[in-house]
Amino acid sequence: MNEYEQGLASLKQCLRIRGAIHGEEHILYAQTIQKIGDVFLAMSDYSEAMDSYNWALDVMHVEPSHHRVDIGDILDNMGNIHYSMGEVSEALRCYEDALRSKKVELGDDHHELAATYQHIGNCLSDQGDTEEAIEHFQEAIRLRELDVENDAERDADILSIEGVLHNLTGRQEEGLHYYERALEILLCKAPHKKEKIAALLHLIGCIYLMNGEHKKAMKLFQESLQTRRKVLGFVHLDVASTLFNIAFLHQTRNRLEKALKCLEEALKIRQLRLPDSEKVALTHEKIGTLCKALGKSSKAEDSFEEALRIRRQIHGESHEAVATVLHEMGDLMDDLGEYDDAMRYYVDALDIRRKRLGPDHEDVAATLYSMGFTLHHQELSERALQCFEESLNIRKRRLGEDSKEVGDTLNTMGYLQAKRGELDDALNLLWGSLRVRKLHEDHVKVSETLKNIGNVHREKQEHELAVECYEECLRIRRTELGDDHEKVADALIAIGNVRSDMESTEDSMRAYEEALKIRTRLYGEDDERVAVVLQYMGTMEFRSGDINKSRQMLEDFIRIRRESGVPPDGDYVNVLFMIGNIHKMQGDDREARVCWSEAYEVFQELGLAEENPQIATVMNSLLYGQQKSDDVAAESPEEEEARRPGLLTSLSSRLKNTLRDEKMPKYGSKKSMSS
């Protein structure tokens with residue numbers, strides 16, 4: 001039993017005694033109920049606290065002129081409950097009523113009014129009324145200075161309010177300095193004020209978090225969590241808030257399982273203390289986002305649906321908070337390939353956002369941006385471009401021509417135009433994206449745009465320019481991400497591909513070999529991403545005449561694809577066809593026909609025969625052409641052609657192109673966590 005539970009037991013015993021002696025309408029009885037409410041509030045049991053406060057107020061309002069300060073204290077605490085639940089307007093009304101009640105008895109210059117002024121300042125700040133908030137914080141400081149007792153705690157409180165004022169006026173560094181001085185005073189002169197110390201540790205951690213100093217923030221949050229658990233118990237809402245922020249830090253470090261564990265613990269606390277509240281909905285939403293990233297699609301969907309249910313219950317069907325969850329669900333459905341469902345969610349979100357926020361809001365642009373991806377996945381490129389174009393125009397107007405979001409949208413549109421074969425337009429868009437991304441010194445994104453530009457130059461047969469872009473992309477990625485990163489392997493493969501186009505076999509194989517080593521270290525020998533590199537290398541060895549090496553690599557590709565359960569595609573057909581060619585060259589006609597037969601079967605199942613009739617004719621002729629006797633030396637023209645790299649090159653180029661393996665990165669559609 002912690003100190004709060006012990007205090008609660010003592011107060012309930014006191015209540016029974018006072019009720020027996022004085023009756024249930026006596027002021028002493030009401031004050032005891034008030035203190036019970038205070039304990040429930042400290043335990044973050046808001047429902048019990050509210051019941052206690054309302055009960056106490058009913059008794060005190062019989063003779064309100066005698067109990068102005070007590071009534072004000074109760075209203076103050078009721079305001080704290082509303083504020084903790086995110087009900088800022090209700091909290092502000094309680095605080096203002098509390099101030100009026102207290103002033104009747106205490107006057108305008110009593111230090112006990114300071115806390116109420118501070119609370120009102122917090123509400124006004126949250127509502128965006130900065131000037132009014134500053135006036136209330138300044139009055140809180142003036143009143144605190146009138147307190148001649150509790151010097152250490154008073155000084156720490158004043159410094160904390162000064163920190164708030166500096167933050168409100170955009171001077172975060174000075175604000176942080178004041179918070180740290182307040183913490184130092186409490187640690188040195190009032191170490192027993194553990195709850196205030198924990199709150200300051202949490203607050204300073206939030207400042208470091210916003211400044212991007214994540215290591216310092218994590219240390220402070222962990223100290224705050226330890227203290228809060230010890231003082232407040234494990235199921236306090238302040239504990240949940242700290243867990244929520246720790247989860248965000250784990251997420252930024254890509255420790256998604258740890259982040260999820262923290263969020264699930266925070267959710268249990270919030271569900272217990274604030275069932276079906278906005279904070280519970282927010283926690284469900286963030287759990288959904290993490291589960292989506294972890295590939296836990298079913299759990300993600302459940303979390304989003306619960307967040308949607310709560311927000312509809314709180315806000316109604318047409319609130320922007322509802323639109324946020326609808327947008328997230330659209331993203332999830334898009335990831336799952338459920339594009340029709342995704343579009344339905346996006347359309348609903350877009351409709352709400354346009355009505356609630358206006359047609360030119362950044363959130364409208366974000367939904368249009370996501371819709372563009374889904375339409376692209378549905379191969380509706382014209383409609384996709386329309387969405388991206390509208391999103392781009394909004395972002396330019398609202399965020400400026402040089403905003404990160406504009407850079408992301410230009411990159412996406414450039415990628416899409418390249419896929420459509422509009423190469424000159426693609427280059428213009430991509431160069432615009434590159435300029436913006438360089439302004440923001442976002443080096444990894446710069447490397448991605450450089451790779452896209454390189455892809456366009458490769459499509460235009462401008463190989464030297466492509467190499468220049470790819471090599472700069474590789475240099476940036478090595479510098480920013482280290483030598484053993486997937487994006488480094490990706491750039492090396494791009495270099496290998498263009499060097500292959502240029503018939504620079506040694507340079508091409510050198511790049512592929514390094515990419516293979518990286519992916520093998522990262523994913524193991526039997527991963528699909530390793531198979532992709534083996535395909536490229538096997539093709540190069542075939543072209544250079546080393547058919548034994550080529551066959552080994554290509555057979556490894558087929559083995560990995562079969563074992564990993566990846567559905568056959570154009571690459572699978574292409575590799576089987578090459579292996580068949582190698583068997584034919586080695587004089588093994590039976591094995592050649594086995595490979596060609598499977599390749600042709602998959603070729604037809606995928607619908608590629610209709611798209612590539614010439615190749616279908618060649619493959620059909622190889623399989624079903626007139627059989628020759630062993631003493632006939634001549635080959636059919638198709639078989640003779642199949643033994644040369646020429647057909648292989650033709651088949652490869654017609655089943656895929658430079659941009660086949662490229663994926664559009666989806667930027668700018670998510671918001672950061674907020675507890």
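A quick note: this is a predicted structure, and the numbers were derived from the prediction, not measured.
The shortest side-chain heavy-atom distance between Met333 and Met343 does not fall under the 4.5 Å cut-off. With contacts defined as side-chain heavy-atom distances shorter than 4.5 Å, the pair Asp363/Glu320 does not qualify. The side-chain heavy atoms of Asn122 and Val88, taken from C-beta on, include no pair separated by under 4.5 Å. Here the side chains of Glu265 and Lys268 are not in contact, with every heavy-atom distance at 4.5 Å or above. Between Lys286 and Thr283, every side-chain heavy-atom pair lies at or beyond the 4.5 Å cut-off. Residues Val239 and His236 meet the side-chain proximity criterion, which asks for heavy atoms closer than 4.5 Å. Considering only heavy atoms from C-beta on, Gln271 comes within 4.5 Å of His284 through its side chain. Contact check for Asp276 versus Arg309: side-chain heavy atoms found under the 4.5 Å cut-off.
Applying the salt bridge (Lys or Arg N to Asp or Glu O under 4.0 Å) test to pairs two or more places apart or on separate chains, those with a residue in residues 203-215 are Glu213-Lys216. Annotation: ring pair (Phe, Tyr, Trp, His ring centres under 6.0 Å) contacts involving residues 116-144, sequence neighbours excluded, comprise Tyr95-His119, Tyr117-His136. Within the structure, salt bridge (Lys or Arg N to Asp or Glu O under 4.0 Å) contacts touching residues 80-94 (residues at least two apart or in different chains) do not occur. Pairs engaging residues 30-53 under the ring pair (Phe, Tyr, Trp, His ring centres under 6.0 Å) rule: none recorded [sequence neighbours left out].
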Could you give me the CA-CA distance, side-chain angles and deciding distance for Lys196 and Glu153, then say whether salt bridge (charged side-chain N to carboxylate O under 4.0 Å, His left out) is met? CA-CA 9 Å; Lys196 282 195 172 183; Glu153 188 177 359; 2.7 Å; yes
What verdict does the salt bridge (charged side-chain N to carboxylate O under 4.0 Å, His left out) test give for Asp331 and Lys292, after you've listed the backbone C-alpha separation in whole Å, the side-chain angles of each residue and the deciding distance to 0.1 Å? CA-CA 9 Å; Asp331 285 343; Lys292 182 164 75 73; 5.2 Å; no
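Closest approach of His361 to Ile394, counting heavy atoms only: O-CG2, 3.6 Å. A pairwise comparison of heavy atoms in Ala281 and Ile310 identifies CB-CG2, 3.8 Å as the closest pair. The shortest heavy-atom contact between Ala199 and Arg228 is CA-NH2, 3.5 Å. Between Leu92 and Gln127, the shortest heavy-atom distance links the atoms CD2-OE1, 3.6 Å. When all heavy atoms of Cys123 and Ala91 are compared, the pair lying nearest together is SG-CB, 4.0 Å. Contact record, Leu209 with Ala217: N-CB, 3.8 Å, taken as the closest heavy-atom pair.
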For a quick test of your reading: what N or O donor-acceptor pairs under 3.5 Å do the side chains of residues 170-178 make, sequence neighbours left out?
{"residue": "Arg171", "atom": "NE", "partner": "Thr169", "partner atom": "OG1", "Å": "3.1"}
{"residue": "Arg171", "atom": "NH2", "partner": "Thr169", "partner atom": "OG1", "Å": "3.1"}

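For Thr130, the side-chain contact (heavy atoms from CB on, under 4.5 Å) criterion is met by Ile134, Leu168, not counting sequence neighbours. Scored by the salt bridge (charged side-chain N to carboxylate O under 4.0 Å, His left out) test, Glu441 finds no partners at all (sequence neighbours excluded). Partners of Ser298 under the side-chain contact (heavy atoms from CB on, under 4.5 Å) rule, at least two apart in sequence or in another chain, are Asp302. Every residue was checked against the salt bridge (charged side-chain N to carboxylate O under 4.0 Å, His left out) condition with Glu180, not counting sequence neighbours, and none meets it. Taking the side-chain contact (heavy atoms from CB on, under 4.5 Å) definition, one finds that Cys291 meets it with Leu260, Ile287, Lys296, Lys299, Ala300, sequence neighbours left out. In this view, Asn254 and Leu256 satisfy the side-chain contact (heavy atoms from CB on, under 4.5 Å) rule, not counting sequence neighbours. With sequence neighbours excluded, no residue forms a ring-ring contact (aromatic ring centres under 6.0 Å, His included) with Tyr179.
Donor-acceptor pairing under 3.5 Å is lacking for the side chains of His202 and Asp238. The closest side-chain donor-acceptor pair between Arg270 and Ser277, if any, does not fall under 3.5 angstrom. With no hydrogens or angles considered, a side-chain donor-acceptor pair links His315 and Glu278 at under 3.5 Å. When only modelled atom types and interatomic distance are considered, Thr409 and Arg395 share a side-chain donor-acceptor pair under 3.5 Å. Between the side chains of Arg255 and Gln251, no donor-acceptor pair is found at a separation under 3.5 Å.
Under the 3.5 Å distance criterion, the side-chain polar atoms of Ser101 are left unmatched by any main-chain donor or acceptor of Asp97. Using modelled atom types, no side-chain atom of Asp351 and backbone atom of Val347 make a donor-acceptor pair closer than 3.5 Å. Under a 3.5 Å cut-off, the side chain of His319 and the backbone N or O of Ala321 do form a donor-acceptor pair. Panel note: side chain Asn411, backbone Gly407; no donor-acceptor pair is recorded below 3.5 Å. Using modelled atom types, one side-chain atom of Ser160 and one backbone atom of Ala156 make a donor-acceptor pair closer than 3.5 Å. Between the side chain of Ser125 and the backbone N or O of Gly121 there is no donor-acceptor pair closer than 3.5 Å.
If you take CG on Leu290 and CD on Glu264, they are separated by 9.0 Å, rounding to the nearest 0.5 Å. The OG atom of Ser44 sits 8.0 Å away from atom CD1 of Ile269, with the distance rounded to the nearest 0.5 Å. Interatomic distance, NZ of Lys355 versus CG of Leu357, reported as 12.5 Å (0.5 Å rounding). Asp70 CG to Met60 CE: the interatomic distance, rounded to the nearest 0.5 Å, is 4.5 Å. For the atom pair CE of Met85 and CD1 of Ile81, the computed distance is 8.5 Å after rounding to the nearest 0.5 Å. Rounding to the nearest 0.5 Å places CG of Asp334 at 3.5 Å from OG1 of Thr374.
Taking 4.0 Å as the cut-off between side-chain N and carboxylate O, Lys189 and Asp155 do not count as a salt-bridged pair. Using a cutoff of 4.0 Å between basic side-chain nitrogens and carboxylate oxygens, Glu405 and Arg398 are not scored as salt-bridged. Ion pairing of Arg154 with Asp147 is absent here, as no side-chain N (NZ or NE/NH1/NH2) approaches a carboxylate O to less than 4.0 Å. A salt bridge between Glu390 and Arg354 is present, with a side-chain N of the basic residue lying under 4.0 Å from a carboxylate O of the acidic one. Electrostatic pairing of Lys102 and Glu112 does not count as a salt bridge here, judged by no charged N lying under 4.0 Å from a carboxylate O.
Heavy-atom contacts from other residues, nucleotides or ligands closer than 6.0 Å to NZ of Lys261 number 12 or fewer.
Taking the six-membered ring for Trp and the full ring otherwise, the centers of His327 and Tyr345 sit at least 6.0 Å from each other. Taking the six-membered ring for Trp and the full ring otherwise, Tyr369 and Phe373 have centroids separated by under 6.0 Å.
When each of Glu317, Glu285, Glu328 is tested with Arg311 by the rule salt bridge (Lys or Arg N to Asp or Glu O under 4.0 Å), just one qualifies, namely Glu285.
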